[in-house]
There are 2 protein chains.
Amino acid sequence: MARQRQTDRDTILAAALSIADERGLDALTMRAVADRVGVTPMALYRYVGGKSQLLDGVVERLLLEVTLPAGRLSWREQLAKMTGSLRSTARRHPEVFPLLMQRPAATEAAKRVRDAVYATLRSAGVAVDEVPRVERILSTFVIGFAASEAGGRFTVGRRALDGDLAWFGEHFLAAIESAGADQEESGQ
Amino acid sequence: MARQRQTDRDTILAAALSIADERGLDALTMRAVADRVGVTPMALYRYVGGKSQLLDGVVERLLLEVTLPAGRLSWREQLAKMTGSLRSTARRHPEVFPLLMQRPAATEAAKRVRDAVYATLRSAGVAVDEVPRVERILSTFVIGFAASEAGGRFTVGRRALDGDLAWFGEHFLAAIESAGADQEESGQ
DNA sequence: ACCTGAACACCGTTCAAGT
DNA sequence: ACCTGAACACCGTTCAAGT
């Protein structure tokens, strides 16, 4: 039944993710995953459709690792927590994380994170019809930043990058706030 | 002599780039490149070190396609032009462009673009020791944005994305300006 | 329903051999 | 100096066959 298959699918994706973490993205092959699960490569095709869907599933798992902050925190704290969680996910899975930037943000797990950001932006006072735009800009930067850091694109150390994030946060939050203020004015 | 080899290397990289453009990144194989150049796969190894260095070279070529704006334009126009050029490069080479985000920004061609951004930021009044930081943030966003657009990560159309860039530009330039203003104050 | 063996059409890369 | 043939150790995927 579906339950059993789902479990097997999870096992397969977990194996795939840890192979990529341990031996790199190039080592993530159908055959290696099958080996780790203790099965023939061809047996995987029933659970994941093929190599590219396997990668989709792995990315999905990555997004599920992102912790969503409690709603009672201030919106500034919420955004900071989500950024931090995404960044640490990138550090835990530097090989796979960049794939996040190359695949459509249309999956269920992507929606989960996006909706959380939407809610936070709303509570920051951003106008409803501005929310998707601000989210796209924010996620593009944060994911890009985390991927760059984890992938070694930057040539500076972690302290400098902490400062980058602080600089961005300071100015971006100001932008959000002014967008929120505009809304207050015209809204009531 | 070196001249001849350089030309051959360029021919190889050009062939590689157009294969990726036409048939996708997966179709970019040593064998396919060799075929197009009219040679055996093993002959490529003298000019490009191997597959991963071939990809490095292709990324290098990509960066050389980015047009750097004339210095007499205003810094706002310069940044807008560079962003536009990067975005159109991404559209011309959507398969290869995302690699830009995964490889170190330490090559000669990367330096060429970065130095241009440095100069523009300087002329915008950004403090010398803030320049690398602002450049990292800016390039992370712009490259990430262009890669997301070209790779189909966004689910909205081009008009909305034009608006995104305008929104980011408006607020980011304001941030740069305020950083510049801080500098003026304390500087003289 | 689930897994396998055997096979197909590919890969990147090494190395000795040719010119 | 430059290129090739042959070979090695891999890939993803299909399909008929087994249980």
Side-chain angles (χ1 to χ4, degrees), chain A residues 1-62 95-96 98-99 102-104 151, chain B residues 1-62 95-96 98-99 102-104 151:
Chain A
M1 45 204 60
R3 193 80 153 74
Q4 168 67 8
R5 291 174 62 110
Q6 186 55 38
T7 305
D8 278 351
R9 190 184 143 83
D10 277 359
T11 309
I12 290 167
L13 296 180
L17 184 52
S18 56
I19 288 171
D21 291 341
E22 293 163 18
R23 316 210 310 261
L25 196 58
D26 287 347
L28 173 48
T29 69
M30 295 293 278
R31 289 167 134 99
V33 173
D35 250 30
R36 179 155 308 197
V37 174
V39 88
T40 303
M42 301 75 85
L44 300 178
Y45 284 77
R46 197 167 303 274
Y47 302 95
V48 301
K51 178 75 183 285
S52 85
Q53 281 140 286
L54 175 79
L55 292 177
D56 287 340
V58 170
V59 168
E60 201 82 352
R61 261 187 95 88
L62 223 64
E95 290 285 331
V96 173
L99 295 181
Q102 288 171 69
R103 282 161 196 267
Chain B
M1 46 201 56
R3 194 77 153 75
Q4 168 68 8
R5 290 173 62 109
Q6 188 54 37
T7 305
D8 278 352
R9 189 184 145 83
D10 277 359
T11 309
I12 290 167
L13 295 181
L17 183 53
S18 55
I19 288 171
D21 290 341
E22 292 162 20
R23 315 210 311 261
L25 197 57
D26 288 347
L28 174 48
T29 68
M30 295 294 278
R31 289 166 134 101
V33 173
D35 251 30
R36 179 155 307 196
V37 175
V39 88
T40 303
M42 301 75 85
L44 300 178
Y45 284 77
R46 196 168 304 275
Y47 301 96
V48 301
K51 177 73 182 286
S52 85
Q53 281 140 285
L54 175 78
L55 292 177
D56 286 340
V58 169
V59 168
E60 201 82 351
R61 261 187 95 88
L62 224 64
E95 290 285 330
V96 173
L99 294 182
Q102 288 171 70
R103 282 160 197 267

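A, B, ... follow the sequence lines: proteins, then strands. Residue 1 opens every chain.
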Engineer: Using atom CZ of B:R31 as one end and atom P of D:dT4 as the other, report the distance to the nearest whole Å.
Structural biologist: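 After rounding, the gap between these two atoms is 14 Å.
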Engineer: May I ask you to evaluate whether B:T29 reaches the phosphate of C:dC11, defined as a side-chain N or O under 4.0 Å from OP1 or OP2?
Structural biologist: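 Checking C:dC11 against B:T29, a side-chain N or O does come within under 4.0 Å of OP1 or OP2.
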Engineer: Roughly how many Å is it from CG in B:D35 to P in C:dC11, rounded to a whole number?
Structural biologist: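 Roughly 9 Å, once rounded to whole Å.
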Engineer: Taking the side chain as everything from C-beta on, heavy atoms only, tell me whether B:D26 gets closer than 4.5 Å to B:E95.
Structural biologist: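 The answer is no; the side chains never approach within 4.5 Å.
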Engineer: Between C:dC3, C:dT13, D:dT4, which nucleotide gets closest to the side-chain atoms of B:V39?
Structural biologist: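 It is D:dT4.
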Engineer: For B:L44 and C:dT14, what is the distance between atoms CG and P respectively, to the nearest whole Å?
Structural biologist: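 My rounded result for the distance is 13 Å.
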Engineer: Between atom OH of A:Y47 and atom CG of A:D8, what is the distance when rounded to the nearest 0.5 Å?
Structural biologist: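 Going from the OH atom of A:Y47 to the CG atom of A:D8 covers 4.5 Å.
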Engineer: Just so I know, are the side chains of B:L28 and B:L54 near enough to count as touching, which here means a heavy-atom distance under 4.5 Å?
Structural biologist: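 Yes. Closest side-chain heavy atoms under 4.5 Å.
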Engineer: Between D:dA16 and C:dC2, how many Å separate the two C1' atoms, rounded to a whole number?
Structural biologist: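 Result for the C1' pair: 15 Å, nearest Å.
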Engineer: Scan every strand shown for a Watson-Crick or G-U wobble partner of C:dC3, both distances under 3.5 Å, and answer none if you come up empty.
Structural biologist: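 Across all strands, not a single nucleotide pairs with C:dC3.
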Engineer: Take the protein atom CD of B:Q53 and the nucleotide atom C1' of C:dG12, then report the distance between them rounded to whole Å.
Structural biologist: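 One finds 13 Å between C1' of C:dG12 and CD of B:Q53, rounded.
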Engineer: Ignoring the backbone of A:K51, work out which of C:dT13, D:dT13, C:dT4 is nearest its side chain.
Structural biologist: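 Of the candidates, D:dT13 comes closest.
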Engineer: May I ask you to verify if any side-chain N or O of B:Y45 is less than 4.0 angstrom from the OP1 or OP2 atom of C:dT13?
Structural biologist: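 Affirmative; the distance criterion is met.
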Engineer: Base, sugar-phosphate, or nothing: which does A:M42 touch, judged by heavy atoms less than 4.0 Å apart?
Structural biologist: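 Result for A:M42 = base.
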Engineer: Find the distance A:R23:CZ to D:dC10:C1' and express it as a whole number of Å.
Structural biologist: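 To the nearest whole Å, that distance equals 13 Å.
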Engineer: Should B:E22 and B:R36 count as an ion pair when the cut-off is N to O under 4.0 Å?
Structural biologist: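 A salt bridge links B:E22 with B:R36.
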Engineer: With the side chain counted from C-beta on, respond yes when B:L62 and B:L17 share a heavy-atom pair under 4.5 Å apart, and no when they do not.
Structural biologist: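 In short, these two side chains touch, coming nearer than 4.5 Å.
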Engineer: What is the distance, rounded to the nearest whole Å, between atom CG of A:D8 and atom P of C:dC3?
Structural biologist: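 One finds 7 Å between P of C:dC3 and CG of A:D8, rounded.
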Engineer: Can you check the B:L54 CG to C:dC11 P distance for me, whole Å?
Structural biologist: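 Taking atom P of C:dC11 as the reference, CG of B:L54 is at 14 Å.
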Engineer: Check the phosphate of C:dC3 against A:Y47, side-chain N and O only, distance under 4.0 Å to OP1 or OP2. Yes or no?
Structural biologist: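 Yes, because at least one side-chain N or O of A:Y47 sits under 4.0 Å from OP1 or OP2 of C:dC3.
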Engineer: Name the pairing partner of C:dC11, where a pair is Watson-Crick or G-U wobble with both distances under 3.5 Å, or state none.
Structural biologist: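 Partner of C:dC11: none.
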Engineer: Between A:I19 (CD1) and D:dC11 (P), how many Å, whole number?
Structural biologist: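 In whole Å, D:dC11 P lies 10 Å from A:I19 CD1.
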